[in-house]
Amino acid sequence: MEIRLDGQVALVTGGSRGIGKAIARTLAEAGAQVMITSRKAEACEAAAREIGPNAHFEAGHIGRDEDAERVIEATLDRLGRIDVLVNNAATNPWAGPTIEVDRARWDKTFATNLTAPLFWTQRIWRRWMKENGGSVINIASVGGFATSPILGVYDITKAAMIHMTKQLAAELGPKVRVNALAPGLVKTDFARTLWEDGKGEQVAKAYPLERLGEVEDVAGAALFLAAETGRWITGQTWVLDGGGLCAYRSTA
Ligand SMILES: NC(=O)c1ccc[n+]([C@@H]2O[C@H](COP(=O)([O-])OP(=O)(O)OC[C@H]3O[C@@H](n4cnc5c(N)ncnc54)[C@H](OP(=O)(O)O)[C@@H]3O)[C@@H](O)[C@H]2O)c1
């Protein structure tokens, strides 16, 4: 079965590299017109050029309301609709125990990873999806289901995103479906400190499928959820981690 999105428009935050770029490419290859956004215009332009004529770009910081408005209005002006929103951009400015975090980095992590996805969704709901329907896909993390000695603050934002996914699914149906993807470790710039210097091989050994994720693993699931294939799925978070969460061994 070929999954198609012809005639549809998708907006992907953080679409200039990593998982977001793979999602943008996959949705574009399925026939969607895809708006890529991230802070750096040159990086967005390069990604759009690489993906081809179905890809477009408008740079913006997801945490700034004026940027959100400009990117969303540019998408509606140039492409006419927004059927799919992928809330993918995120940050992780603090690596250490949660109890030691400073207020500025706590606030920045929440502003980027949780507040921005809510208000991009709200804006697009009001401007298009409330009347016309659509699908929202939040990129969470397996960290939203676990604890970590160094990623606790980031993981708390992802746990909240998983709950926000359920909450918005309950509020926005039947017009709009809201789902999330929770990847395990994927070899991107964002996660470099977790996989470089052989650390990735150690993590992969703990995954039943014995490899780290590839950006395409996440993109394929996003396409399934965005398209007609996902039409009866809402409020769900799909864990994409090679079985890592299942491999936890009880010591009790
Ligand atoms: N990689 C993993 O192992 C992993 C695992 C679980 C979940 N995730 C999640 O997957 C998503 C994508 O991560 P990734 O690994 O693909 O990261 P990445 O390769 O570092 O890409 C991040 C993207 O977000 C953009 N971005 C960052 N801050 C932004 C901001 N404030 N406003 C607008 N755009 C911004 C970046 O572009 P600019 O620099 O141009 O802004 C870039 O396009 C994130 O939500 C992350 O939490 C990743």
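Remember, it's 1-based here, ligands and their atoms both numbered in the order they're listed.
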Next on the checklist: If we count only N and O atoms by modelled type, under 3.5 Å, do the side chains of Asn87 and Thr121 hold a donor and an acceptor together?
Outcome noted: yes
Next on the checklist: I'd like to check whether Gly14 has a polar contact with ligand 1, where a contact means an N/O of the residue lying under 3.5 Å from an N/O of the ligand.
Outcome noted: yes
Item to check | Contact (N/O only, under 3.5 Å) between Arg17 and ligand 1 | outcome: yes
Next on the checklist: Can you report which non-hydrogen protein atom sits closest to atom 27 (C) of ligand 1, along with the distance?
Outcome noted: Arg39 NH2, 3.4 Å
Checklist entry - Where do Leu212 and Gly200 come nearest, in terms of heavy atoms and distance? => result CD2-O, 3.6 Å
Item to check | Shortest protein contact, atom 1 (N) of ligand 1 (heavy atom only) | outcome: Thr188 OG1, 2.9 Å
Checklist entry - Would you call Arg127 and Glu73 a salt bridge, using N to O less than 4.0 angstrom? => result yes
Next on the checklist: If the cut-off is 4.0 Å to any non-hydrogen atom of Leu185, which atoms of ligand 1 fall inside it?
Outcome noted: 3 (O)
Checklist entry - With a 4.0 Å cut-off, would you call Arg4 and Glu228 a salt bridge? => result no
Checklist entry - So, does Lys187 sit close enough to ligand 1 that a heavy atom of it is under 4.0 Å from the ligand? => result no
Next on the checklist: Could you check whether Glu210 pairs with Lys205 (Lys NZ or Arg NE/NH1/NH2 to Asp/Glu carboxylate O, under 4.0 Å)?
Outcome noted: no
Next on the checklist: Quick test of your reading of the model: are Lys199 and Glu201 salt-bridged, counting only N-O distances below 4.0 Å?
Outcome noted: no
Checklist entry - Are any of the heavy atoms in Ala47 under 4.0 Å away from ligand 1? => result no
Checklist entry - What do we get for Ala43 next to ligand 1 when only non-hydrogen atoms under 4.0 Å count, side chain, backbone, both or neither? => result neither
Checklist entry - N/O to N/O below 3.5 Å, does that happen between Ser16 and ligand 1? => result yes
Next on the checklist: Would you say Asn88 and Thr13 are linked by a side-chain donor-acceptor pair, where the criterion is simply a distance under 3.5 Å?
Outcome noted: no
Item to check | Heavy atom of the protein closest to atom 26 (N) of ligand 1 (residue, atom name, distance) | outcome: Ala89 CB, 3.9 Å
Checklist entry - Is Asp197 salt-bridged to Arg192, going by a charged N under 4.0 Å from an acidic O? => result no
Checklist entry - Quick one: does ligand 1 sit under 4.0 Å from the side chain of Ala182, the backbone, both or neither, non-hydrogen atoms only? => result neither
Checklist outcome for this item: the protein heavy atom lying closest to atom 45 (O) of ligand 1 turns out to be Asn88 O, 2.6 Å
Item to check | Thr157 side chain to Phe110 backbone, donor-acceptor under 3.5 Å | outcome: no
Item to check | contact_flag Gly60 ligand 1 heavy-atom lt 4.0 Å | outcome: yes
Checklist entry - Any chance the side chains of Gln33 and Asn54 put a donor and an acceptor closer than 3.5 Å? => result yes
Checklist outcome for this item: Nearest non-hydrogen protein atom to atom 32 (N) of ligand 1, with distance, is Ile62 N, 2.9 Å
Item to check | For atom 40 (O) of ligand 1, the protein heavy atom that lies nearest, with its residue and separation | outcome: Ser38 OG, 2.7 Å
Checklist entry - Are any of the heavy atoms in Thr91 under 4.0 Å away from ligand 1? => result no
Checklist entry - Given the rule in the ring-ring contact (aromatic ring centres under 6.0 Å, His included) test, do Phe224 and Trp238 qualify, once you have shown the distances and angles that lead to the verdict? => result CA-CA 11 Å; Phe224 190 98; Trp238 285 358; 5.7 Å; yes
Item to check | ILVMFWY cluster, Leu114 and Val153 together (side-chain gap under 4.5 Å) | outcome: yes
Item to check | Side-chain donor-acceptor contact under 3.5 Å, Ser38 with Ser16 | outcome: yes
Next on the checklist: Would Val186 count as being in polar contact with ligand 1, using the rule that some N or O on each side must be under 3.5 angstrom apart?
Outcome noted: yes
Next on the checklist: Taking 4.0 angstrom as the limit and counting only heavy atoms of Gly18, give me the atoms of ligand 1 inside it, by number and element.
Outcome noted: 16 (O), 19 (O)
Checklist entry - Are Thr13 and ligand 1 in contact, using a heavy-atom cut-off of under 4.0 Å? => result no
Item to check | Contact check, Tyr154 vs ligand 1, heavy-atom distance below 4.0 Å | outcome: yes
Checklist entry - Taking distance alone, with no angle check, do Gly20 and ligand 1 share an N/O pair under 3.5 Å? => result no
Item to check | Enumerated ligand 1 atoms positioned under 4.0 Å from heavy atoms of Gly184 | outcome: 3 (O), 5 (C), 6 (C)
Checklist outcome for this item: heavy-atom search around atom 16 (O) of ligand 1 in the protein gives Ile19 N, 2.7 Å
Item to check | Residues Arg105 and Asp107 bridged, charged N to O under 4.0 Å | outcome: no
Checklist outcome for this item: atom 39 (O) of ligand 1 has as its nearest protein heavy atom Lys40 NZ, 2.8 Å
Checklist outcome for this item: Note: ligand 1 atoms sitting under 4.0 Å from heavy atoms of Pro183 are 5 (C), 6 (C), 7 (C)
